[in-house]
There are 2 protein chains.
Amino acid sequence: MARAGLTPQRLTQAGAELADEVGFEQVTVSALARHFDVKVASLYSHVKSSHDLKTRIALLALEEMADAAADALAGRSGKDALAAFANVYRDYARRHPGRYAASQLRLSPETAAASAGVRHSQMTRAILRGYDLPEPEQTHAVRLLGGTFHGYVSLELSGGFSHSAPDSSVTWARIVDALDALLRNWPAEPARDARVEPERDDREA
Amino acid sequence: MARAGLTPQRLTQAGAELADEVGFEQVTVSALARHFDVKVASLYSHVKSSHDLKTRIALLALEEMADAAADALAGRSGKDALAAFANVYRDYARRHPGRYAASQLRLSPETAAASAGVRHSQMTRAILRGYDLPEPEQTHAVRLLGGTFHGYVSLELSGGFSHSAPDSSVTWARIVDALDALLRNWPAEPARDARVEPERDDREA
DNA sequence: TAATTTGCCTAAAGGCTTTAGGCAAATGCA
DNA sequence: TGCATTTGCCTAAAGCCTTTAGGCAAATTA
């Protein structure tokens, strides 16, 4: 009986491609077995479980995005770097929607700590060096950028802005303009009593 | 044989509660049948499919968030309104993680158009009236706010910032400060040749 | 009270996950 | 080269989820 030559890497790669084609949700051990024309149980020698497979795809996506970001960042700084970095995420998500969805998979803290996720925040901090924010404002800004890029791209991907004017690409460019302006004019921390406090919320849990 | 008194509403409600307890992914027709101590097939008289059930939960979450937002917005304007609005999303997501996850479900365009999603963008526009942005900048800003709130909350929920200083609530407050500052000083559209263009990207699809 | 509608049930088919145990191909070592 | 071991894929089987079809009894209506 000829062997199919399965490895965790090939399974992950094929799973990523499948995710882009049919959606990350539809990536299943069974579907992958069909793809390699192999019985389902055979995959369990290479992959611990369905969740393990999905985690590997997520890690692959994070790596690929970090690589692309590092590439885009080389030789740039300031707004130029910010825009290039932002575009990496958006472009990746548009080109690889399934992988991008995978990258949102909730990872265990240990897995996350060992993932390319840390490169992402390092790169974000590198960009922010061009804007000269003191700690802890820099951390706030890292989180703002991460959240904004992720949130916008994910809304765009789920069809939020499609087919309504103005074109989403225009908005994206303006958002980069706006974030650049914001980072250059980062507001000082308001005085204690001027701050808007969150509501106390005593409603049912 | 006594009847359980199932209705689409009760199923949706119970499904939402289940989602908050065990995660939206784990909400299943079978689990719901167990909850009502009823055979699985019985639910199919009230709900078209598993996907239908999930869609109903998503719509419920969108309604609840819109109601809470409308409530929070009453009598407020400016930064006060912005902060209250932002907190509604974050608080809702923290209190109802399963429902919040449901609200991210990709809806068909028709379903989305008939959902409370439209109230959300109307309210966002109402807040922006306090900042006096011309079209199309106002639309860009609506998308920025939506993306930022969603993205930050969703990163926070997936554990991104937990257990690392500074506290996520502090960052959240500073992000609201920053967005307020940004909206008050919304940058003019850069001249054509000063703009940073997205990279042409000819890599493989 | 009889007729109709409605609600939940049994039955059954099909899909995905995961574990256990087996045979054969590949690899390593005399 | 020949034998032993490891490795890779297979069959079998159990468990859970979805969905459809058809049936009986409870609730509703006349």
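Order of the sequence lines fixes the chain letters, A, B, ..., with proteins taken first and strands second; residue numbering starts at 1 for each chain.
A/Leu6 comes within 4.0 angstrom of the backbone, heavy atoms only, and of no base. The residue B/Ala4 sits close only to the backbone: its heavy atoms come under 4.0 Å of sugar-phosphate atoms, none of a base.
Between B/Lys54 atom NZ and D/dC17 atom C1' there is a gap of 10 Å when expressed in whole angstrom units. Atom NZ in A/Lys39 sits about 19 Å away from atom P in C/dT18, given to the nearest Å. Put simply, CD on B/Gln26 is 10 Å from P on D/dC17, counting in whole angstrom units. A/Leu53 has its CG atom 9 Å from the P atom of C/dT17, to the nearest Å. The nearest whole Å value for the distance from the CZ atom in A/Phe36 to the P atom in D/dC10 is 13 Å. Rounding to whole angstrom units, CG of residue A/Asp52 and P of C/dC16 are separated by 19 Å. Protein atom CG of A/Leu11 is 12 Å distant from nucleotide atom C1' of D/dG8, rounded to whole Å. The separation between A/Leu18 atom CG and C/dC16 atom P is 11 Å, rounded to whole Å.
Residue A/Ser168 holds its OG atom at 5.0 Å from CZ of A/Arg90, rounded to the nearest 0.5 Å. To the nearest 0.5 Å, the span separating NE2 on A/His150 from OH on A/Tyr100 amounts to 5.0 Å.
Comparing A/Ala41 and A/Ala31 by the nucleotide of DNA chain C that holds the closest heavy atom to each, the one mapping nearer the 5' end is A/Ala31.
For the pair A/Thr28 and C/dG15, the criterion of a side-chain N or O lying under 4.0 Å from OP1 or OP2 is not met. For C/dC8, one of the phosphate oxygens OP1 or OP2 lies less than 4.0 angstrom from a side-chain nitrogen or oxygen of B/His46. The phosphate of D/dC16 has neither OP1 nor OP2 within less than 4.0 Å of any side-chain N or O from B/Arg34. Phosphate proximity of D/dT18 to B/Ser50: present, with a side-chain N or O under 4.0 Å from OP1 or OP2. In this structure, A/Ser42 reaches the D/dC10 phosphate: one of its side-chain N or O atoms is under 4.0 Å from OP1 or OP2.
When distances run from any side-chain atom of B/Ser30 to the nucleotides C/dT18, D/dT19, D/dC17, the shortest one goes to D/dC17. Minimum atom distance to the side chain of B/Val40 is reached by D/dT18, of the listed D/dC9, C/dC9, D/dT18. Here C/dT17 is the nucleotide among C/dT17, D/dT18, C/dT10 with the atom lying nearest to any side-chain atom of A/Tyr44.
For B/Gln9 and B/Gln13, the side-chain atoms include no donor-acceptor pair closer than 3.5 Å.
If you look at B/Phe161 and B/Tyr152, their ring centroids are closer than 6.0 Å.
Between B/Phe85 and B/Ala69 the shortest heavy-atom distance is CE1-CB, 3.8 Å.
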